[in-house]
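What follows is a set of notes on a single structure, which appears directly below.
Lettering follows sequence order; numbering is per chain, from 1. All of these numbers come straight from a predicted model, not from anything done at the bench.
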Number of protein chains: 2
Amino acid sequence: MNIYDIAELAGVSIATVSRVVNDSPKVSEKTKARVRAIMEENHYTPNVFARGLGLNSMKTVGIICPDVSDDYMAGSVAYLEKSLRTYGYDCILYCSGYQYQDKVNAVELILQKRIDALLLVGSNYAGDGEEASTKYIARAAREVPVFLINGYIHCKGVYCVLSDNYQIMYDTVCALTEAGRKRILFLYDSNSYSAAEKMRGYEEALRDNDLPVRKELEIFEENKILKVRDRLLEQEDLEFDAVVATDDGLAVGAVKYARQKGLSVPEDINIIGFNNSELAVCCEPELSSIDSRSEMLCKTAVDSMMMVLNGHPVRHKKTIPCCFVKRRTTNF
Amino acid sequence: MNIYDIAELAGVSIATVSRVVNDSPKVSEKTKARVRAIMEENHYTPNVFARGLGLNSMKTVGIICPDVSDDYMAGSVAYLEKSLRTYGYDCILYCSGYQYQDKVNAVELILQKRIDALLLVGSNYAGDGEEASTKYIARAAREVPVFLINGYIHCKGVYCVLSDNYQIMYDTVCALTEAGRKRILFLYDSNSYSAAEKMRGYEEALRDNDLPVRKELEIFEENKILKVRDRLLEQEDLEFDAVVATDDGLAVGAVKYARQKGLSVPEDINIIGFNNSELAVCCEPELSSIDSRSEMLCKTAVDSMMMVLNGHPVRHKKTIPCCFVKRRTTNF
DNA sequence: ACATTTAATGTAAGCCCTTACATTTTTGAC
DNA sequence: GTCAAAAATGTAAGGGCTTACATTAAATGT
């Protein structure tokens with residue numbers, strides 16, 4: 001059942017059928033109705049491939065994310081997919097992994113699918129890796145508009161939406177110091193742009209409150225909970241009265257550490273997670289966390305995308321403020 | 001840059017170029033090498049649309065899941081995507097939501113994409129909804145092979161891979177009764193086929209151990225943790241000395257309930273979750289759980305799919321055993 | 001060296017749409 | 001009732017690939 005069959009049945013030309021399919025204003029309502037009826041009757045749906053060939057687009061956007069099994073990214077992908085679908089776009093998903101080369105391959109492969117736009121969920125590398133990630137992202141941007149969620153590079157055709165990680169971390173650490181905390185541990189799990197921004201906020205807040213930035217208080221550990229707990233237990237001489245983490249899993253590890261050490265939370269140690277995930281409410285005591293408002297980020301990204309795809313100008317960087325969610329691991 | 005350009009540059013016909021692209025054995029290695037070199041040089045990649053038109057396939061499989069932001073499904077999707085990619089297939093993701101009509105729409109829409117196969121992650125409805133879900137799944141199966149992960153219907157073209165929820169639940173409840181537990185609460189969060197199987201295992205184990213099946217001990221609550229905790233706190237007259245749940249979130253709720261009530265776990269109450277998610281290790285005390293070996297399920301599904309797509313016969317139902325993961329909320 | 005397979009390549013007919021341009025029909029002004 | 005302008009429809013040329021079939025080149029046998 002193709003366009004010719006429908007044209008024949010409806011007694012019109014294929015051009016007219018095509019116009020009906022695309023709801024072109026150049027067809028009288030009368031014929032539109034008639035052709036539509038016939039399409040329904042015969043369960044006709046246009047062949048997407050032929051359509052793609054003609055239009056050079058299949059209303060599809062690519063989503064690359066390092067790992068959808070990660071809670072935070074899964075939430076983003078879920079929202080993005082639903083949202084894009086309301087605009088009539090399908091999503092091709094690519095879980096790239098975290099390695100640089102894998103990401104490059106992902107971009108290369110997904111571009112072959114002639115997607116209309118590309119969404120990169122999860123941050124690009126900061127510091128040393130920055131230049132490299134700029135390169136492959138720029139490569140993609142030469143073909144289609146690219147949208148970074150929680151990442152930032154400056155490049156034509158790349159649009160970035162990020163939560164204001166710097167600011168919230170700055171504010172949070174200030175609040176901790178004002179509450180009298182002096183030795184604040186910073187737990188982080190990646191070298192992404194977002195994590196770097198969080199660290200920047202942490203360090204500047206310390207400086208502005210006349211506290212020293214101690215490198216031994218900045219701990220990198222990408223495995224969550226148990227690994228973090230054990231890691232902290234090992235470092236016997238390490239003293240701290242507060243923890244801020246770049247992810248809830250890390251913070252829960254700190255809570256487990258405190259329990260094992262016989263320290264009470266929040267009295268002895270204040271602990272603050274990030275992302276406000278289900279782990280935060282699962283944790284005992286329930287974990288104070290920072291909500292990065294991922295749905296808002298995603299919504300903003302999708303809105304921007306629709307603007308760009310419709311030829312409207314869009315700002316290349318948009319920042320969304322985070323908010324602190326007080327639970328029981330803090331006492332300010 | 002299209003196939004004609006390459007043909008011209010290589011001094012061969014487009015047919016030959018096409019054969020090189022498809023690695024046909026009908027081309028001499030010499031020309032293959034030459035043509036490949038030229039394709040590389042010119043960054044040629046075949047147009048997927050034209051390709052799809054000709055082959056009527058784009059090496060794409062559809063994945064429909066109610067909600068990727070769910071931990072368990074996210075894990076499955078991540079694994080499926082990675083695994084399918086190694087076979088050269090891309091994935092179109094559709095998060096349908098849990099409503100019947102939404103699932104029907106999802107199937108309808110995703111079929112228009114001329115996918116090569118369809119993966120349904122997350123269970124179909126059991127009981128009343130069973131017939132209905134059979135209908136739309138059968139509809140899909142008329143167009144492409146369909147693979148259900150953790151669901152079961154009997155229908156031509158539908159291949160089911162499920163964990164042995166009945167058996168593990170039966171065994172677990174037996175173990176609890178043997179450890180002297182008499183009033184075992186069954187917490188469930190959906191009316192899916194999987195949940196129904198779990199309940200069947202639960203009830204039969206009770207019967208086989210001469211314990212009554214009390215309907216007041218079967219509690220349905222789809223919201224996790226806090227909602228479950230509060231729900232249990234409300235039911236003041238409800239007594240139980242063990243809990244089995246169809247999901248870790250529910251079980252964590254039960255743990256929170258016990259803590260609030262001043263009951264100790266596992267002494268006063270044994271609690272067992274399902275899915276062995278991150279919540280289980282986050283929970284305090286760490287939650288014993290059942291691992292449904294979702295990766296194994298997914299692997300089996302993908303293997304089956306490749307068999308089917310290559311025209312080999314495959315069993316319509318495959319069952320994967322689960323395994324119990326002992327942590328600190330049980331004492332047997 | 002010549003006939004006969006077999007391997008390698010080429011030709012051309014689809015696959016099913018979109019759309020610029022050409023043609024026909026309708027509308028409205030006079 | 002004309003005629004010009006506007007609206008509706010049709011014609012036909014792609015778009016880039018696959019593949020059956022036709023053709024030519026290479027390999028094998030005698």
Side-chain angles (χ1 to χ4, degrees), chain A residues 1-39 42-60 88 90 109 111-116 143-144 309, chain B residues 1-40 42-60 88 90 111-116 143-144 309:
Chain A
M1 191 46 59
N2 62 26
I3 202 172
Y4 291 93
D5 300 326
I6 299 297
E8 174 114 38
L9 289 171
V12 295
S13 70
I14 58 163
T16 300
V17 176
S18 174
R19 290 189 188 108
V20 172
V21 167
N22 293 293
D23 201 15
S24 153
K26 297 178 152 190
V27 182
S28 70
E29 287 305 324
K30 222 164 81 187
T31 27
K32 256 188 197 175
R34 188 157 45 91
V35 173
R36 286 215 178 101
I38 290 175
M39 295 195 304
N42 299 73
H43 302 109
Y44 167 73
T45 46
N47 180 309
V48 276
F49 301 141
R51 204 117 193 274
L53 235 200
L55 295 169
N56 206 37
S57 147
M58 218 167 71
K59 287 267 239 174
T60 301
D90 282 287
L109 266 177
L111 284 178
Q112 290 182 14
K113 290 289 164 170
R114 313 257 163 162
I115 50 180
D116 296 304
E143 311 251 332
V144 291
L309 290 177
Chain B
M1 191 44 60
N2 62 25
I3 202 172
Y4 291 93
D5 300 327
I6 299 296
E8 174 115 38
L9 289 169
V12 296
S13 70
I14 58 162
T16 300
V17 177
S18 174
R19 291 189 188 106
V20 171
V21 168
N22 294 291
D23 201 16
S24 154
K26 299 179 149 188
V27 181
S28 71
E29 288 304 325
K30 222 164 81 186
T31 28
K32 255 187 199 177
R34 189 157 44 90
V35 173
R36 286 215 179 101
I38 290 175
M39 295 196 303
E40 291 264 314
N42 298 74
H43 301 108
Y44 167 74
T45 46
N47 180 310
V48 276
F49 301 142
R51 205 117 191 273
L53 235 199
L55 295 169
N56 207 37
S57 146
M58 219 167 71
K59 288 266 240 173
T60 301
D90 282 286
L111 285 178
Q112 290 182 13
K113 289 290 163 168
R114 314 258 163 162
I115 50 179
D116 296 304
E143 311 251 332
V144 292
L309 289 178

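The line from CG of B/Asp90 to CG of A/Leu109 is 7.0 Å long, rounded to the nearest 0.5 Å. Here CZ of A/Arg114 is found 11.5 Å from CG of A/Asp116. Values are rounded to the nearest 0.5 Å. Rounded to the nearest 0.5 angstrom, A/Lys59 NZ and A/Arg51 CZ are separated by 9.0 Å. The line from NZ of A/Lys26 to OG1 of A/Thr16 is 11.0 Å long, rounded to the nearest 0.5 Å.
Atom CG in B/Asp5 sits roughly 9 Å away from atom P in D/dG16 (whole-Å rounding). B/Gln112 has its CD atom 16 Å from the P atom of C/dC16, to the nearest Å. A/Arg114 places its CZ atom 20 Å from the P atom of C/dC17, with the value rounded to the nearest Å. The separation between B/Asn2 atom CG and D/dG15 atom P is 8 Å, rounded to whole Å.
Between B/Tyr4 and C/dT11 there is no side-chain polar atom (N or O) within less than 4.0 angstrom of OP1 or OP2. The shortest distance between the side-chain N/O atoms of A/Asn47 and the OP1/OP2 oxygens of C/dC16 is not below 4.0 Å.
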Nucleotide N/O of nucleotides 5-8 of chain C paired with protein N/O under 3.5 Å:
none

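A/Ala7 and A/Ser13 get closest at one heavy-atom pair: CB-C, 3.8 Å.
Stretches of at least 3 consecutive Watson-Crick or G-U wobble pairs, with each checked distance under 3.5 Å, appear in DNA chain C as C:1-30 with D:1-30.
Counting only heavy atoms from C-beta outward, the side chains of B/Met58 and A/Val48 never approach each other to under 4.5 Å. The shortest distance between side-chain heavy atoms of B/Val21 and B/Tyr44 falls below 4.5 Å. Taking 4.5 Å as the limit, some side-chain heavy atom of A/Asn56 sits within range of a side-chain heavy atom of B/Asn47.
With D/dG10, C/dC17, D/dC17 as the choices, the nucleotide that has an atom nearest any side-chain atom of A/Pro46 turns out to be C/dC17.
A donor-acceptor pair under 3.5 Å links the side-chain atoms of A/Asn2 to the main chain of A/Tyr4, judged by distance alone.
Less than 4.0 Å separates DNA chain D from at least one heavy atom of each of the following residues of residues 16-24 of chain A: A/Thr16, A/Arg19.
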Across nucleotides 22-28 of chain D, 5' to 3', mark each nucleotide with B, S or - according to how protein heavy atoms within less than 4.0 Å reach it.
-------
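Sorted by first and then second residue, the pairs that involve residues 10-24 of chain A and meet salt bridge (Lys or Arg N to Asp or Glu O under 4.0 Å), not counting sequence neighbours, are A/Asp23-A/Lys32, A/Asp23-A/Arg36.
Applying the side-chain contact (heavy atoms from CB on, under 4.5 Å) rule to A/Leu9 yields the partners A/Ile38, A/Asn42; only residues at least two apart in sequence or on another chain are considered.
When heavy atoms are screened at a 4.0 angstrom cut-off, A/Leu53 is found touching base atoms of the nucleic acid.
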